[in-house]
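All values below were derived from every heavy atom in this structure, side-chain atoms included, with hydrogens, water molecules and symmetry-related copies excluded.
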Amino acid sequence: NLIADVEARANDILAAMRAPFAIEFAFDKTTTQKEKLCACGAEYPPRAIVCACGRVRGMQKASALDLQIVEGGVPHDFADDSGAGRAMASLAIRLGVARSMGLNFACLDEICDVMSAGNRQRFCQMIGTLGQVGFSTVMLTSHHADVQATMANTIVFTSSNGISSGRWA
């Protein structure tokens, strides 16, 4: 099951990051709604009960995937967590998806731009743990000097008069 695999890999990443929480996916809020498409492939008009082919419009079940943050054994909604907690959980899920797909590299574009200096420092420490969960390469874009200073093999790009250049830092 892909969802269980992503959840397990994301939690492995969170554990490597020494995050004080785990994530948990749960199917929640099963609802019943009118079918949007007929078996013949035609789309039902908004208030139609019968399709042009004569088939009576049926009902279908839909489920929502709910994300919980589990801290100290107590689950709470993802939306109720702190901004830093949501950012860390979101990153772990994206990296868990990458590992589930068999990827061993990650490209992270300005992922830490909304973080405070303290959370950026923890983020940089976390990047160093990704080798423990199967990542061989992480490419990170950041405009923060404190992030750039902590990364190995840093390339700094600058732009002048519309011309960009890069150098190893």
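Once rounded to the nearest 0.5 Å, the distance linking CZ of Arg9 with CG of Leu95 reads 12.0 Å. Rounding to the nearest 0.5 angstrom, the gap separating the CZ atom in Arg47 from the NZ atom in Lys34 is 8.5 Å. How far SG of Cys51 is from CZ of Arg57: 10.0 Å, rounded to the nearest 0.5 Å. Of the inter-residue distances, the one linking Ile127 atom CD1 with Cys112 atom SG reads 8.0 Å to the nearest 0.5 angstrom.
By the 4.5 Å heavy-atom criterion applied to side chains, Asn11 and Ile23 are counted as neighbours. Side-chain contact between Leu103 and Arg99 is absent, with no heavy atoms from C-beta onward closer than 4.5 Å. A 4.5 Å side-chain heavy-atom check between Ile69 and Asp80 finds every atom pair outside the cut-off. Side-chain contact between Glu43 and Lys36 is absent, with no heavy-atom pair separated by less than 4.5 Å. Contact annotation: the side chain of Ile13 never approaches that of Leu91 to less than 4.5 Å [non-hydrogen atoms, C-beta and beyond]. A heavy-atom distance below 4.5 Å is found between the side chains of Met115 and Phe123. Using a 4.5 Å heavy-atom threshold, the side chains of Gln68 and Asp77 count as touching. Contact of the Val50 side chain with the Arg55 side chain is not registered, since no non-hydrogen atoms from C-beta on lie closer than 4.5 Å.
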### side chain to side chain contact (heavy atoms under 4.5 Å, CB included) assessment of Arg94 paired with Ile111
CA-CA 12 Å; Arg94 285 191 297 253; Ile111 193 99; 2.6 Å; yes
### Task
For the pair Phe105 and Val138, evaluate side chain to side chain contact (heavy atoms under 4.5 Å, CB included) and give the outcome as yes or no after the intermediate values.
CA-CA 6 Å; Phe105 67 91; Val138 177; over 6 Å; no
#### Entry: His143 and Glu110: CA distance, side-chain angles, deciding distance, side chain to side chain donor-acceptor pair (under 3.5 Å) verdict
CA-CA 7 Å; His143 298 282; Glu110 299 185 28; 3.0 Å; yes
### Message
Could you go through Phe25 and Ile93, starting from their C-alpha distance and side-chain angles, then the distance that decides it, and tell me whether this counts as side chain to side chain contact (heavy atoms under 4.5 Å, CB included)?
### Response
CA-CA 11 Å; Phe25 291 115; Ile93 292 166; 4.0 Å; yes
### Task
Given side chain to side chain contact (heavy atoms under 4.5 Å, CB included), test Leu14 with Arg18 step by step and report yes or no.
CA-CA 6 Å; Leu14 288 167; Arg18 295 188 183 112; over 6 Å; no
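Under the rule for a side chain to side chain donor-acceptor pair (under 3.5 Å), the partners of Asn104 that lie at least two apart in sequence or sit in another chain are Ser136.
Panel note: side chain Asn1, backbone Ile3; a donor-acceptor pair is recorded below 3.5 Å.
Taken together through direct or relayed side-chain contacts under 4.5 Å among Ile, Leu, Val, Met, Phe, Trp and Tyr, Met101 and Met139 form parts of separate hydrophobic clusters. Follow the hydrophobic side-chain contacts under 4.5 Å out from Leu2 and you reach Val133 in the same cluster. In the hydrophobic clustering of ILVMFWY residues, with side-chain heavy atoms under 4.5 Å counting as a link, Met17 and Val70 come out apart.
Among all heavy-atom pairs drawn from Ala19 and Met88, the shortest one is CB-SD, 3.6 Å. Of all non-hydrogen atoms in Ala16 and Thr129, the two that sit nearest each other are O-CG2, 3.2 Å. Heavy atoms only, all atoms of each residue included: Tyr44 and Gly58 are closest at OH-N, 4.5 Å.
One finds no salt bridge joining Arg86 and Asp81 here, because no Lys/Arg side-chain nitrogen approaches an Asp/Glu carboxylate oxygen to under 4.0 Å.
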